[in-house]
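So the structure is just underneath, and the comments pick up after that.
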Protein chains: 2
Amino acid sequence: MSQGKEKILQTALQEFAEKGFDGARIDYISKMAGVNKALIYYHFKSKEELFTAVINDLFEQATSGSIELKGPSIQENLIQVMEHFIDFLHHNPYFVKIMDQSVAQDRDIFQQLHHQNFFFETVMGMYQLGVQTGECRKVDHPEDFVVSLLGAVYFYFSHHKAIRKFYGTISEEEVISIRKKTMRDMISRLVFS
Amino acid sequence: MSQGKEKILQTALQEFAEKGFDGARIDYISKMAGVNKALIYYHFKSKEELFTAVINDLFEQATSGSIELKGPSIQENLIQVMEHFIDFLHHNPYFVKIMDQSVAQDRDIFQQLHHQNFFFETVMGMYQLGVQTGECRKVDHPEDFVVSLLGAVYFYFSHHKAIRKFYGTISEEEVISIRKKTMRDMISRLVFS
DNA sequence: AGAATTAGACTAACCGTTTAGTCTAACTTT
DNA sequence: AAAGTTAGACTAAACGGTTAGTCTAATTCT
């Protein structure tokens with residue numbers, strides 16, 4: 001990939017994440033990327049297509065470093081996945097912002113994205129395996145159970161701006177470590193009886 | 001409040017919720033409200049002020065029917081609050097959408113909104129009371145614990161479009177009832193040991 | 001040589017905002 | 001009661017800034 005195209009994608013990611021699709025400005029992207037506006041239209045045929053490219057890029061990164069499940073037990077694996085998820089959200093704030101904005105508006109892309117289900121299906125699969133082996137407690141509605149767990153992980157990051165103040169002045173790394181501990185606790189209390 | 005102004009606010013709520021601030025169109029609002037565009041500027045001095053008015057309206061409704069805590073125990077009260085929260089989110093999808101979009105972009109209003117902390121402080125207060133009376137298990141980081149609980153409740157609604165498919169073809173009312181059951185379970189397993 | 005990139009002027013459409021004025025019902029004056 | 005006045009609700013039409021997208025001709029990588 002050419003240097004300019006890469007810079008455009010990087011900058012566009014930030015701009016779309018911060019302003020949303022409608023708030024984002026092509027002129028601003030080209031300026032911040034240090035690139036002529038025409039170059040954007042040389043590589044992408046429209047703002048919409050640029051957005052799609054940004055999203056696809058993002059999901060590629062999000063799902064590429066997929067998790068190696070090597071824990072000795074389902075419990076270990078589940079906790080490992082959760083921590084991986086937390087780290088990922090921590091290090092990819094743009095991912096969260098763009099996701100939320102694009103889900104709130106129903107941008108076309110999100111109907112097609114199969115990546116969207118990645119985390120759900122991973123956790124769901126592990127949980128159901130655990131139920132089979134008898135290692136996990138059986139609940140009436142596993143899908144709702146998993147959704148709730150994912151929500152417990154995700155919410156802090158998606159509403160970071162509004163929520164962060166409840167944690168006081170500690171560093172973000174400390175918050176992340178607290179988050180992991182809380183989620184470990186929740187999982188062991190909920191998944192295993 | 002005049003008939004026109006009310007219609008404008010109603011319509012604007014929908015438009016802002018669906019398209020976000022930048023995506024919303026004054027032309028479209030006036031058309032849908034069956035009102036001349038200039039009337040919007042007669043009642044509100046700008047798009048921004050219209051948005052603010054919509055938000056304030058929304059929060060007034062959101063926090064007006066506040067919860068009577070009359071359960072015999074903290075456990076009952078906590079579950080009651082959660083169910084109230086679930087019902088509220090279920091019946092006010094626009095609230096969720098507008099919240100998410102406005103949090104994702106950092107619209108000014110949200111820095112000032114004290115309503116924003118309403119649910120957090122309610123649940124947090126109840127939990128801490130429970131810890132004092134010894135009815136609730138003590139956790140290391142109550143704020144993170146409460147945030148996780150709220151996230152578990154909220155996530156389904158904020159990402160409804162993307163998540164709903166995991167529940168199959170059952171009616172929305174059934175999903176809500178499942179959600180309540182799951183959250184009752186989670187609370188009793190997590191808050192009380 | 002061919003792909004990538006620049007400069008910057010240009011357009012067409014869109015969209016928030018303004019202006020100047022209408023309509024109506026109530027209220028006041030004569 | 002007729003005439004004058006006011007205030008609030010509302011409208012038609014235009015104004016003017018903004019912005020996605022284009023065009024062209026020249027230049028620089030690889």
Side-chain angles (χ1 to χ4, degrees), chain A residues 1-58 94 97-98 101-102 104-110, chain B residues 1-58 94 97-98 101-102 104-110:
Chain A
M1 174 146 35
S2 69
Q3 187 189 338
K5 189 173 180 181
E6 203 143 8
K7 199 83 219 295
I8 289 167
L9 281 169
Q10 279 174 28
T11 315
L13 169 59
Q14 294 181 36
E15 175 74 349
F16 282 131
E18 277 162 26
K19 315 273 182 61
F21 181 81
D22 296 303
R25 295 287 165 255
I26 296 289
D27 277 314
Y28 185 77
I29 292 172
S30 77
K31 202 174 171 183
M32 286 297 116
V35 144
N36 191 272
K37 182 155 79 148
L39 187 61
I40 293 178
Y41 288 93
Y42 173 75
H43 287 296
F44 310 95
K45 79 166 195 284
S46 66
K47 187 184 184 184
E48 190 75 41
E49 198 186 278
L50 172 59
F51 182 74
T52 306
V54 166
I55 297 281
N56 286 338
D57 235 46
L58 199 58
Y94 294 142
K97 282 202 166 189
I98 258 190
Q101 276 177 340
S102 304
Q105 306 168 26
D106 333 307
R107 300 234 129 258
D108 298 346
I109 311 165
F110 278 78
Chain B
M1 174 140 43
S2 69
Q3 187 190 338
K5 189 173 181 181
E6 204 142 10
K7 200 80 220 290
I8 289 167
L9 281 169
Q10 280 175 28
T11 316
L13 169 59
Q14 295 181 36
E15 175 74 349
F16 282 130
E18 277 162 26
K19 314 271 182 64
F21 181 81
D22 295 306
R25 294 289 164 252
I26 298 288
D27 276 310
Y28 186 77
I29 293 172
S30 75
K31 202 173 172 184
M32 285 298 118
V35 145
N36 190 275
K37 186 157 66 148
L39 186 62
I40 294 177
Y41 288 90
Y42 171 76
H43 287 296
F44 310 95
K45 78 166 197 284
S46 63
K47 188 185 186 183
E48 189 76 40
E49 199 185 278
L50 173 59
F51 182 74
T52 307
V54 166
I55 296 283
N56 286 338
D57 237 45
L58 200 57
Y94 293 142
K97 282 202 164 189
I98 259 189
Q101 275 176 338
S102 304
Q105 305 169 26
D106 337 309
R107 299 236 128 256
D108 297 347
I109 311 166
F110 278 78

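Per chain, numbering begins at 1; letters A, B, ... match sequence-line order.
The salt bridge (Lys or Arg N to Asp or Glu O under 4.0 Å) contacts involving residues 1-11 of chain A comprise nothing, where partners must be two or more places apart or lie in separate chains.
By the salt bridge (Lys or Arg N to Asp or Glu O under 4.0 Å) test, B/Glu49 pairs with B/Lys45, sequence neighbours left out. Every residue meeting the side-chain contact (heavy atoms from CB on, under 4.5 Å) condition with A/Asp57, not counting sequence neighbours, appears here in chain and number order: A/Leu9, A/Gln61. Annotation: ring pair (Phe, Tyr, Trp, His ring centres under 6.0 Å) contacts of B/Phe21 (sequence neighbours excluded): B/Phe16, B/Phe51. Here B/Tyr28 pairs with B/Glu15, B/Lys19, B/Arg25, B/Met32 under the side-chain contact (heavy atoms from CB on, under 4.5 Å) rule; sequence neighbours left out. With sequence neighbours excluded, the residues forming a side-chain contact (heavy atoms from CB on, under 4.5 Å) with A/Tyr94 are A/Leu13, A/Gln14, A/Ala17, A/Glu18, listed by chain and number. Applying the side-chain contact (heavy atoms from CB on, under 4.5 Å) rule to B/Lys31 yields no partners; only residues at least two apart in sequence or on another chain are considered.
The stretch residues 17-26 of chain A comes close to DNA chain D through A/Ala24, A/Arg25, A/Ile26, each having a heavy atom under 4.0 Å from the strand.
Atoms CG (B/Asp27) and P (C/dA13) sit 16 Å apart, rounded to a whole Å.
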Using atom names, set out every protein N or O paired with an N or O of nucleotides 4-6 of chain C below 3.5 Å, distance rounded to 0.1 Å.
from  : atom 1 : to      : atom 2 : distance (Å)
C/dA4 : OP2    : A/Tyr42 : OH     : 2.8
C/dT5 : OP1    : A/Gly4  : N      : 2.7
C/dT5 : OP2    : A/Ser2  : OG     : 3.0
C/dT5 : OP2    : A/His43 : NE2    : 2.8
C/dT6 : OP2    : A/Asn36 : N      : 3.2

Listed pairs under 3.5 Å, donor-acceptor, residues 35-43 of chain B side chains, sequence neighbours left out:
from    : atom 1 : to      : atom 2 : distance (Å)
B/Asn36 : OD1    : B/Ala38 : N      : 2.9
B/Lys37 : NZ     : B/Asp27 : OD1    : 3.2

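Of all nucleotides in DNA chain D having an atom under 4.0 Å from a heavy atom of chain B, the first and last in 5' to 3' order are D/dG8 to D/dA12.
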